[in-house]
Number of protein chains: 2
Amino acid sequence: MPQTPRRAERPQGNRYGNRPTMKDVAARAGVGLKTVSRVVNGEPGVTPDTERRVQEAIDALGFRRNDSARVLRKGRTASIGLVLEDLADPFYGPLSRAVEEVAREHGALLINGSSAEDPDREQELVLALCARRVDGLVVIPAGDDHRYLEPELRAGVATVFVDRPAGGIDADVVLSDNFGGARDGVAHLIAHGHRRIGFIGDMPRIHTAAERLRGYRAAMEDAGIPVEESWMSLGVTDPERVRRAAEEMLAGPDPVTAVFTGNNRVTVTVVRVLAEHPRGVALVGFDDIELADLLRPGVTVVAQDAAALGRTAAERLFRQLDGSLLVPERIELPTRLITRGSGELPPAEG
Amino acid sequence: MPQTPRRAERPQGNRYGNRPTMKDVAARAGVGLKTVSRVVNGEPGVTPDTERRVQEAIDALGFRRNDSARVLRKGRTASIGLVLEDLADPFYGPLSRAVEEVAREHGALLINGSSAEDPDREQELVLALCARRVDGLVVIPAGDDHRYLEPELRAGVATVFVDRPAGGIDADVVLSDNFGGARDGVAHLIAHGHRRIGFIGDMPRIHTAAERLRGYRAAMEDAGIPVEESWMSLGVTDPERVRRAAEEMLAGPDPVTAVFTGNNRVTVTVVRVLAEHPRGVALVGFDDIELADLLRPGVTVVAQDAAALGRTAAERLFRQLDGSLLVPERIELPTRLITRGSGELPPAEG
DNA sequence: CCCGAGCCTGACAACGTTGTCCAGGCTCTA
DNA sequence: TAGAGCCTGGACAACGTTGTCAGGCTCGGG
């Protein structure tokens with residue numbers, strides 16, 4: 001009778017699209033549940049013969065341990081979260097990769113999230129990661145208030161901020177010497193005879209942008225050069241706006257003879273503008289850009305080491321998880337001035 | 001008596017570094033467990049007054065739902081995995097970001113993994129993601145045998161391959177028209193008078209590399225040009241080796257007058273070599289590179305749209321999860337020849 | 001031959017959440 | 001005022017795994 005109604009409806013497995021569980025494996029191998037668990041986790045105390053039977057059942061059924069259940073039981077997820085601004089930005093790719101590499105050394109997976117520089121989205125992402133009970137968080141903040149993380153910190157979620165400090169909470173932070181780097185870059189231009197130096201950067205509410213601006217001002221002040229408002233553009237850095245800002249600085253009766261750009265995206269745009277510009281205008285940019293050495297003139301930059309930022313942060317994160325790290329610290333990595341020509345152009349008057 | 005031994009040892013919460021659970025929230029709010037669950041999930045059937053009490057308890061304790069337990073219960077993780085070669089490569093950043101964006105639209109998180117072009121590592125990553133019960137996988141394969149995925153596919157894990165097809169299994173794949181793009185690029189060089197055209201590409205075991213090589217050969221054959229072995233370099237693409245290969249092609253009694261490069265990394269290296277080279281050597285590269293338009297000459301490339309690859313793959317993935325997609329398909333996206341100068345140089349004899 | 005030691009093995013509870021189901025209290029109507 | 005029906009709230013099991021613990025087996029020594 002082919003139509004006999006079956007009592008046991010599920011042939012094997014169940015949800016998760018019919019995945020076999022340890023129970024199924026145990027049944028097939030004719031052993032107890034716990035024995036399967038032991039084999040799967042390589043625990044001792046299983047006869048080679050039993051182990052073989054279990055292994056065969058595992059292979060036959062295509063069993064894979066359900067880590068959700070494991071996590072629930074064990075309390076550690078072996079995964080960490082990374083929240084950054086935009087993975088498509090060439091600055092963050094290497095950073096993310098460095099974090100991943102350290103995570104891998106510690107047997108952890110990396111969950112990425114892009115905040116798109118939106119504080120709400122940052123918070124949403126961070127909390128989603130916490131709900132998944134990541135063991136730790138590496139955050140490149142978009143917002144400047146991170147008190148929403150207090151319960152997480154109390155609960156023992158390891159946390160390291162990168163590139164910009166946290167707001168309102170006391171946490172580890174790894175960043176570049178934005179102030180010193182910008183000051184050195186601008187000083188470099190001054191040393192080559194420039195006095196009217198433009199600055200195009202991001203919104204000052206972003207910590208890195210503010211620090212770089214501060215470096216610019218410091219260098220100018222050190223040289224006794226009063227800064228004019230018209231030399232500065234601080235704001236959204238979409239190419240169109242940057243282009244206009246650069247063109248305005250270069251026009252008029254008293255144009256700048258050099259420009260300091262506040263990040264890689266701005267630098268690229270300004271390089272384009274200068275390529276169309278008749279006069280030689282000096283340029284130093286913050287962040288290295290690919291192929292900068294092949295342009296004529298080569299683009300002089302203040303380079304930061306994105307991979308080192310990521311690596312340092314991740315290593316600190318895992319040291320927090322080891323328990324070997326107690327007091328939050330601020331770690332500043334040096335920047336490096338790479339001269340390639342564009343920063344060494346002399347001022348061309350008029 | 002302050003020293004009275006307490007029976008209930010845990011003040012609230014437990015593992016996970018003392019996180020409060022719904023039980024703790026329920027106790028504090030003086031309601032049942034399920035009521036808390038209802039509030040947390042915004043389910044109907046809770047009086048405003050009760051809801052307020054629960055919400056206060058949640059805020060006071062800093063409760064966050066434990067998604068591990070939720071996943072265990074519900075069977076969906078709302079996360080997808082992306083395995084690619086190297087996140088630090090400028091080709092993969094935008095691709096990953098595009099996948100993330102689609103995932104976000106569907107309320108899912110993205111877990112990234114870099115295989116470093118190592119088949120074992122690819123498998124390790126994919127299986128780790130499956131153990132975490134990601135709902136779906138986007139894979140840029142490093143290996144060419146994916147039969148290890150069979151149990152996962154049977155279990156209903158949505159899977160889309162990108163950039164290169166899967167080996168040994170029938171699965172969705174989204175890729176660029178590598179053959180056509182390379183053929184067009186080489187034909188472009190031929191149209192500008194070149195006959196001795198070099199090809200520097202990756203190991204032919206990589207599908208994209210093989211296809212581009214095939215395109216090169218096809219274009220040459222179409223033009224009736226016999227290809228000489230010494231014009232081709234297929235292998236590891238570290239800068240040093242590429243540099244040597246390029247220099248060899250350009251030296252000797254019968255040097256190439258143009259080079260077709262098989263990917264972005266190779267192109268960059270060859271641009272460097274050509275910059276030092278006295279003769280004008282034409283160049284067309286596969287993959288666009290940043291600032292290519294600012295070099296002199298500008299670098300002519302066959303561009304593929306990394307973001308479109310990622311977006312298309314992710315959208316297909318979620319359509320698989322909807323159940324609205326049944327038969328695996330192969331989707332090929334067109335490439336685009338962008339002429340900027342380097343590909344239009346005439347052959348400079350001797 | 002009997003007993004103890006040591007090794008395998010499996011039954012059971014627990015992790016934190018959600019789905020099912022039922023009880024109790026309320027309102028509204030006849 | 002009583003009954004019907006609705007709405008709110010809670011008890012309970014289940015998801016798949018691992019830690020605890022106890023039972024049964026074998027083997028060797030007395």
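A note on names: the letters A, B, ... follow the listed sequences, proteins ahead of strands, and every chain is numbered from 1.
Using a 4.0 Å cut-off between charged side-chain N and carboxylate O, B/Asp67 and A/Arg133 make no salt bridge. B/Glu105 has no carboxylate O lying under 4.0 Å from a charged side-chain N of B/Arg311, or vice versa, which leaves the two without a salt bridge. Ion pairing between A/Glu85 and A/Arg121 fails under the 4.0 Å rule for side-chain N and carboxylate O. With respect to B/Arg319 and B/Asp322, no salt bridge is recorded, no charged nitrogen being found less than 4.0 Å from a carboxylate O.
The separation between A/Leu72 atom CG and D/dC15 atom C1' is 9 Å, rounded to whole Å. A straight line from CZ of B/Arg76 to P of C/dT18 spans 17 Å, rounded to a whole angstrom. C/dT20 atom C1' lies 14 Å from atom NZ of B/Lys74, rounded to whole Å. Rounding to whole angstrom units, NZ of residue A/Lys23 and P of C/dA11 are separated by 12 Å. Going from atom CZ of A/Arg70 over to atom C1' of C/dC15 covers 14 Å, rounded to whole Å.
At C/dC8, none of the side-chain N or O atoms of A/Thr47 fall inside 4.0 Å of OP1 or OP2 (strictly under the cut-off). For D/dC15, neither phosphate oxygen OP1 nor OP2 lies less than 4.0 angstrom from any side-chain nitrogen or oxygen of A/Asn66.
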Using the 3.5 Å cut-off, write out each protein N or O paired with an N or O of nucleotides 10-14 of chain D and the distance between them.
residue	atom	partner	partner atom	Å
D/dG10	OP1	B/Gly32	N	3.4
D/dG10	OP2	B/Gly32	N	2.3
D/dG10	OP2	B/Thr35	OG1	2.9
D/dG10	N7	B/Arg38	NH2	3.0
D/dG10	O6	B/Arg38	NH2	3.4

Which atom pairs link the protein and nucleotides 24-26 of chain C when you take only N or O atoms and keep those under 3.5 Å?
none

Exercise for review: Apply salt bridge (charged side-chain N to carboxylate O under 4.0 Å, His left out) to the pair A/Arg28 and A/Asp24, showing each step before the final yes or no.
Suggested key: CA-CA 6 Å; A/Arg28 177 164 182 131; A/Asp24 301 313; over 6 Å; no
Practice item. Could you check B/Leu127 against B/Tyr148 for side-chain contact (heavy atoms from CB on, under 4.5 Å), going step by step and ending with a plain yes or no? Key: CA-CA 9 Å; B/Leu127 292 184; B/Tyr148 68 86; 4.0 Å; yes
Exercise for review: I would like to know whether A/Ile58 and A/Val40 meet side-chain contact (heavy atoms from CB on, under 4.5 Å); could you show each step before the answer?
Suggested key: CA-CA 9 Å; A/Ile58 288 176; A/Val40 169; 3.9 Å; yes
Point to revise | Candidate pair B/Val31 and B/Val54, rule side-chain contact (heavy atoms from CB on, under 4.5 Å), full reasoning | key: CA-CA 8 Å; B/Val31 302; B/Val54 170; 3.9 Å; yes
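The side chain of B/Met22 sits closest to C/dT17 out of C/dT17, D/dG9, D/dG16.
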